[in-house]
Amino acid sequence: MKKINWRIVNLALWLEVILSYLLPFQVTDTFQYRAGFPMPFLSVHAGSPGISPFLSMHLDPVGLLLDVTILYLAISAGVKICKRSR
């Protein structure tokens, strides 16, 4: 088993955060928005105007971990392909 490349993990995590803000949100019903790529991991419930947005957010750590793992595998496969072509 190979060691984990922490630079690629860092890149995958930052890429996940940036993509979740740049890609469009998924609207599940009239009051809930979900964000994340390739699977949604952040849910925001649009509630009353007086409620803080931080209190209406739900972060799914398992979904975030799965997204980062998928991006890590994709980036590491791309790096291997680039190294072979040289």
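Count residues from 1 along the sequence.
- A continuous path of hydrophobic side-chain contacts links L64 to L42 [ILVMFWY only; heavy atoms under 4.5 Å].
- In the hydrophobic cluster analysis, where Ile, Leu, Val, Met, Phe, Trp and Tyr join through side-chain heavy atoms closer than 4.5 angstrom, V79 is grouped together with W6.
- In this structure, the separation between OG1 on T69 and CG on L13 is 10.5 Å, given to the nearest 0.5 Å.
- Residue S43 holds its OG atom at 15.5 Å from CZ of F31, rounded to the nearest 0.5 Å.
- L15 and F41 end up in different hydrophobic clusters when Ile, Leu, Val, Met, Phe, Trp and Tyr side chains are linked at under 4.5 Å.
- L23 and Y21 end up in different hydrophobic clusters when Ile, Leu, Val, Met, Phe, Trp and Tyr side chains are linked at under 4.5 Å.
- By the rule that hydrophobic residues join a cluster once side-chain heavy atoms approach within less than 4.5 Å of another member, L59 and L66 end up as members of separate clusters.
- Residue pairs that meet the side chain to side chain donor-acceptor pair (under 3.5 Å) test with at least one member in residues 7-19, sequence neighbours left out, are N10-W14.
- Remark: L11 pairs with I75 by the side-chain contact (heavy atoms from CB on, under 4.5 Å) rule, at least two apart or across chains.
- The heavy-atom pair separating D67 from M39 by the smallest distance is OD2-O, 2.5 Å.
- Nearest heavy atom pair, residue S20 against residue A35, reads O-CB, 3.8 Å.
- Judged purely by atom type and a 3.5 angstrom limit, Y72 uses its side chain to pair as donor or acceptor with the backbone of N5.
- The minimum heavy-atom distance between V68 and V9, with the atom names listed, is CG1-O, 4.4 Å.
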